[in-house]
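What follows is a single structure, written as structure tokens, with notes after it.
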Amino acid sequence: MMNKRIYMDYSATTPMREEVLEEMMEFMKTEYGNPSSIHSFGRESKNAVDTARDRIAKTMNAKGKEIYFTGGGSESDNWAIKGYAFANKNKGNHIITTKIEHHAVLHTVEYLVKNHGFTATYLDVNAEGLIDLEDLKKAITDETILITIMYANNEIGTIQPIKEIGAIAKENKVAFHTDGVQIYGSGKIDVDELNIDMMSMSAHKLHGPKGIGALYIRPGIRLDNLIHGGAQERKKRAGTENVPGIVGFGKAAELAYEDLEERIEEKIRLRDKMIDGILDNIPYTLLNGHRTHRLPNNTNISFRFIEGESLLLSLDMVGIAASSGSACTSGSLDPSHVLLSLGLTHEVAHGSLRLTIGAYTTEEEVDYVLEQLPPIVERLRQMSPLYEEIQGGN
Amino acid sequence: MMNKRIYMDYSATTPMREEVLEEMMEFMKTEYGNPSSIHSFGRESKNAVDTARDRIAKTMNAKGKEIYFTGGGSESDNWAIKGYAFANKNKGNHIITTKIEHHAVLHTVEYLVKNHGFTATYLDVNAEGLIDLEDLKKAITDETILITIMYANNEIGTIQPIKEIGAIAKENKVAFHTDGVQIYGSGKIDVDELNIDMMSMSAHKLHGPKGIGALYIRPGIRLDNLIHGGAQERKKRAGTENVPGIVGFGKAAELAYEDLEERIEEKIRLRDKMIDGILDNIPYTLLNGHRTHRLPNNTNISFRFIEGESLLLSLDMVGIAASSGSACTSGSLDPSHVLLSLGLTHEVAHGSLRLTIGAYTTEEEVDYVLEQLPPIVERLRQMSPLYEEIQGGN
Amino acid sequence: MYTEIVMDHFTNPRNVGEIKDADGIGQVGNPKCGDIMKMYFKIDENEVITDVKFKTFGCGSAIASSSIATELIKGKTVKEALNVSNKKVVEELGGLPSVKIHCSVLAEQAIKSAIYDYASKHNKHYVELEGFDPAAAEEDHH
Amino acid sequence: MYTEIVMDHFTNPRNVGEIKDADGIGQVGNPKCGDIMKMYFKIDENEVITDVKFKTFGCGSAIASSSIATELIKGKTVKEALNVSNKKVVEELGGLPSVKIHCSVLAEQAIKSAIYDYASKHNKHYVELEGFDPAAAEEDHH
Ligand SMILES: Cc1ncc(COP(=O)(O)O)c(C=O)c1O
Ligand SMILES: Cc1ncc(COP(=O)(O)O)c(C=O)c1O
């Protein structure tokens with residue numbers, strides 16, 4: 001039997017780096033104090049929290065006091081959007097976003113529209129997943145208070161023209177939030193240069209712990225709290241601080257940005273090998289997302305005539321962990337809204353496969369995937385009535 | 001120099017039990033998969049999450065599917081209250097709570113009143129911190145949709161008559177949420193018997209990890225999401241699951257309820273020794289909270305003529321970690337709203353000390369506190385102009 | 001997520017393929033929903049299903065449901081096959097996740113659809129098929 | 001949280017106590033806010049503060065601020081003492097957390113208040129005290 005375990009799902013979550021766990025251990029074992037406490041147990045936790053805040057701030061040219069810890073990327077998205085909308089509803093009720101946002105943004109905007117009197121524009125994307133800046137400009141009205149556009153897409157890896165979006169937002173005096181969950185830790189970010197007012201992050205995407213995230217908030221940007229209560233996080237996000245999580249996040253951020261350039265290069269090399277290896281060797285395939293404005297770790301390919309979940313199961317049986325935009329993996333009926341927004345038919349969207357690599361991915365693993373994939377695809381196609389039709393037509 | 005470290009602040013947070021960390025380790029090291037994934041990495045996380053859910057449910061006579069994981073007690077409180085209020089605003093806009101709630105409840109209710117058109121009644125408490133059930137009944141109107149009353153108070157330890165409150169809520173067809181953060185893990189709870197519709201919990205209060213909490217939700221209770229996004233937690237709370245946190249919470253809950261009765265007895269014995277030891281040996285002291293309807297681990301005493309923070313600092317210097325309702329510890333100007341609600345003057349409220357014991361507290365530690373406290377109090381009193389007045393008056 | 005039986009039928013599906021001179025062919029589902037099942041039946045003069053093959057575009061449970069359904073009806077009479085319900089399919093698979101129950105419904109409908117085809121070609125009438133609309137089954141099986 | 005100097009002055013406060021026959025006594029702050037500072041001055045005919053004592057009800061930084069303030073003015077003239085600002089107190093302590101700055105303000109006001117008392121008893125007038133209202137300082141020092 002197969003006992004290889006090849007992880008190709010780094011965009012879903014990542015293993016913690018050893019150094020990260022190591023730094024966390026102290027705070028899970030001995031330094032358990034509450035940072036808000038006055039006694040020495042608490043004081044050491046407080047220092048550790050401040051250090052982590054500074055480490056993260058440094059990676060994006062921000063200040064420690066502009067970083068607020070949250071319980072994860074979804075909370076950050078919810079807070080930025082609901083918090084800003086509620087705090088600024090006297091200025092207007094219109095929000096601009098895109099059709100390919102993560103559900104943490106999309107469902108949040110939909111909720112505000114459905115239940116709290118806001119309106120929204122959902123920008124289209126082109127076949128590569130890029131928005132049109134002209135569309136954005138046209139969408140802005142006197143009522144527009146917030147633009148929320150993701151930095152890089154979690155499914156197809158497409159990276160938006162964030163700097164241009166930031167400039168448009170600034171020019172129009174509209175706040176700009178970006179979901180940076182996928183890019184943070186894998187891309188160079190300068191919040192000033194990019195005119196980002198708020199940015200969501202999630203530690204477990206960059207070899208940090210799960211259940212901890214952050215929101216960058218530019219000074220002057222006012223938002224209602226999402227979680228009211230104690231005075232933690234300068235009164236903006238209540239709840240006893242998850243000190244080990246925060247410490248781990250800080251360490252992970254520091255490590256991610258230590259040797260960023262090299263790691264980006266290496267990932268792009270492996271990613272391109274994966275993409276070309278599949279497109280060149282398996283017929284009826286197509287790359288989803290932009291060929292170059294793309295996360296360094298993302299391969300997303302549609303295999304026509306087969307369905308994603310059965311592909312995933314087959315890969316899992318040979319030890320490869322991947323993901324798919326197939327509806328069947330989410331328990332819903334429709335395939336990924338992102339893939340449909342690219343203009344894919346339902347059938348093609350159902351047959352998508354996402355392979356995302358990470359810090360521990362080796363060339364051998366990529367080779368192994370390239371070796372295993374063709375017979376699996378062929379076997380599933382042989383079972384498919386859609387393939388039969390095509391073959392019959394030849 | 002002093003190098004004793006005596007932790008008397010278990011109500012602020014607790015150290016993790018070894019068995020808890022042990023179970024978490026597997027999920028921090030090898031089983032890092034995303035539970036929502038289809039591949040084998042994710043599957044094992046999913047099982048672990050389900051096990052934890054069941055473990056917690058079992059401790060309160062609930063079902064696994066009625067437990068929803070959150071990022072902590074504050075999030076649970078915010079979700080229960082905002083979520084229920086927003087989802088049921090067509091039924092009414094009135095919320096009943098008390099004056100001594102944790103800020104996670106109080107500030108949330110205040111926010112709904114100030115910014116979202118709700119109204120609220122804040123019930124008074126008597127000198128022992130108990131609400132009057134007649135007040136509660138009288139406060140209910142046709143517009144009342146939610147009663148949120150804490151199970152046990154974090155500062156003074158007073159335990160409310162939850163069963164009676166639940167019965168009143170049920171009779172009046174009003175939903176009943178209780179902040180169970182302080183009681184969960186230290187008291188026997190049966191959500192059915194008590195008619196609890198929602199209950200907040202936080203793992204780090206019961207020797208579990210920080211940054212993970214839960215909300216019990218009775219089937220049929222409808223609430224808006226606080227954190228929208230992915231389909232996690234049966235679509236009610238988005239965000240990649242904090243698997244190690246959840247696993248740790250489950251284990252901590254199991255352990256807490258394994259030998260609950262014995263541990264309660266032992267804590268009460270030590271607590272009473274502490275309370276009596278202070279009241280009997282130090283003049284001008286008074287116990288805050290109810291003498292018997294009280295958390296087994298809570299001692300809260302006001303020392304007249306001195307201020308809490310300087311007391312805490314002095315204790316810290318002899319290795320004792322405690323907390324206070326003094327304004328100075330919170331950075332605000334007013335002392336604890338809880339102590340003021342009992343009818344204490346500002347001066348007396350400022351001079352309060354909370355000593356909360358836990359699983360690792362020994363009799364020797366209690367003795368040590370009882371030995372250290374009198375000279376410290378005397379020294380601070382000698383510095384106090386208020387004490388001078390009293391002494392002068394003799 | 002899936003039982004061992006499901007995984008076995010997914011990994012080694014029985015009766016995959018086509019029958020060139022089939023007596024009845026049924027296709028249900030559509031690519032929009034991500035599931036298409038096609039079944040081919042050989043039926044003899046005693047109305048016994050002597051051979052059956054399937055092709056399926058769909059998730060693991062769709063493939064497993066097709067496989068087990070074909071096993072359940074092979075060698076059975078048409079009447080018997082018409083009594084194979086989606087419940088039976090789920091049961092034989094040792095259970096399906098609730099979001100996947102529709103796959104078993106699809107298998108039941110594929111059987112009915114193939115027999116419907118056979119019935120119309122051979123001028124047969126089965127009470128079990130009353131109210132069954134193969135076009136609807138192709139459109140939406142949910 | 002606190003600097004070593006603050007902790008030192010909190011642990012070993014200088015000049016704690018009362019002066020029975022003080023020439024000036026000032027009390028500022030109130031129990032509502034959690035801080036009361038009382039200062040006793042001995043002042044000689046050359047307007048030199050020859051002795052000073054304090055009593056403080058308050059947090060660690062209130063006690064430390066009182067202590068350092070008394071040190072700063074002991075042996076100084078009244079005029080010099082009136083020029084000790086809260087900034088100076090903070091500086092000498094090596095800094096205070098921002099939420100504790102008011103404690104240093106209180107120390108400055110305690111000095112002024114004691115001198116105000118001395119001045120009124122001795123019919124003196126100091127421009128530095130113009131606009132200073134000891135009753136207000138007792139009511140609210142924030
Ligand atoms: C009664 C009560 N409610 C809510 C909370 C908030 O819990 P957490 O800090 O874990 O968010 C606490 C503890 O801080 C508490 O004691
Ligand atoms: C783009 C994007 N936004 C938000 C999230 C939500 O982050 P989390 O699951 O940590 O809450 C994710 C990951 O799931 C993501 O990929």
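Any value given below was found using the heavy atoms of this structure, including those in side chains, with hydrogens, waters and symmetry copies removed. These numbers come from a predicted model, not from an experiment. Convention: sequence-line order gives letters A, B, ...; per-chain numbering from 1.
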Asp316(B) to His39(A) - nearest heavy-atom pair and separation:
OD1-CB, 3.4 Å
Please confirm whether the backbone N or O of Leu21(B) pairs with a side-chain atom of Lys29(A), one donor and one acceptor, at under 3.5 Å?
no
Is chain B contacted by the side chain of Asn34(A), its backbone, both, or neither, given a heavy-atom distance below 4.5 Å?
both
List the steps, then state whether ring pair (Phe, Tyr, Trp, His ring centres under 6.0 Å) holds for His204(A) with Tyr32(B).
CA-CA 10 Å; His204(A) 71 94; Tyr32(B) 54 83; over 10 Å; no
Plane angle bin for Phe41(B) and Tyr7(A) - parallel if under 30°, tilted between 30 and 60°, otherwise perpendicular
tilted
Not counting sequence neighbours, list each pair that qualifies as a salt bridge (charged side-chain N to carboxylate O under 4.0 Å, His left out) and has a residue in residues 238-248 of chain A.
none
When rounded to the nearest 0.5 Å, the distance separating NE2 of His103(B) from NZ of Lys235(A) is 9.5 Å
Identify the heavy atoms of Lys210(B) and Pro244(A) that sit nearest to each other, and give their distance.
CD-CD, 4.3 Å
Need one label for Thr70(B): side chain, backbone, both or neither, based on atoms under 4.5 Å from any heavy atom in chain A.
neither
Atom of Ser74(B), atom of Gly239(A) and distance for their closest heavy-atom approach
OG-CA, 3.3 Å
So which of Pro15(A), Ala104(A), Ala238(A) has the largest heavy-atom pair count under 4.5 angstrom toward chain B?
Pro15(A)
Side chain from CB out, backbone as N, CA, C, O: work out which of these in Thr108(A) comes under 4.5 Å of a heavy atom of chain B, or both, or neither.
both
Report which part of Asn78(A) has an atom under 4.5 Å of a heavy atom belonging to chain B: side chain, backbone, both, or neither.
side chain
Which atoms of Asn115(B) are under 4.5 Å from chain A, going by heavy atoms: the side chain, the backbone, both sets, or neither?
both
Evaluate whether atom NZ of Lys89(B) has more than 12 neighbouring non-hydrogen atoms of other residues, nucleotides or ligands under 6.0 angstrom away.
yes
Measuring heavy-atom distances to chain B, does Thr14(A) have an atom under 4.5 Å in its side chain, in its backbone, in both, or in neither?
backbone
Contacting moiety of Arg17(A), where chain B heavy atoms sit under 4.5 Å
neither
Is it the backbone or the side chain of Thr30(A) that comes under 4.5 Å from a heavy atom of chain B, or both, or neither?
backbone
With chain A, the option among Ala12(B), Gly72(B), Gly42(B) that has the most non-hydrogen atom pairs under 4.5 Å is Ala12(B)
Given that the side chain runs from C-beta out, which part of Phe27(B) has a heavy atom under 4.5 Å from chain A: side chain, backbone, both or neither?
neither
Return the option, out of Pro209(B), Ser323(B), Ala322(B), with the maximum number of heavy-atom pairs under 4.5 Å with chain A.
Ala322(B)
With a 4.5 Å limit on heavy-atom distance, are the side chains of His228(A) and Glu110(B) in contact?
no
What part of Ile6(B) is in contact with chain A, defined as an atom under 4.5 angstrom from a non-hydrogen atom: side chain, backbone, both or neither?
backbone
Nearest 0.5 Å, please: how far is OG in Ser40(B) from CG in Leu313(A)?
11.0 Å
Which one of Thr240(A), Ile246(A), Ile227(A) has the most heavy-atom pairs closer than 4.5 Å to chain B?
Ile227(A)
Of the non-hydrogen atoms in Asp9(B) and Ser37(A), which two are nearest, and what is the gap between them?
OD2-OG, 3.4 Å
Counting only non-hydrogen atoms closer than 4.5 Å, does Ala87(A) touch chain B with its backbone (N, CA, C, O), its side chain (CB onward), both, or neither?
neither
Among His102(A), Met16(A), His107(A), single out the residue with the greatest number of heavy-atom pairs under 4.5 Å to chain B.
His107(A)
Counting only heavy atoms not in Arg234(A), do more than 12 sit closer than 6.0 Å to its CZ atom?
yes
Relative to chain B, which segment of Asn225(A) carries a heavy atom at a distance below 4.5 Å: side chain, backbone, both, or neither?
backbone
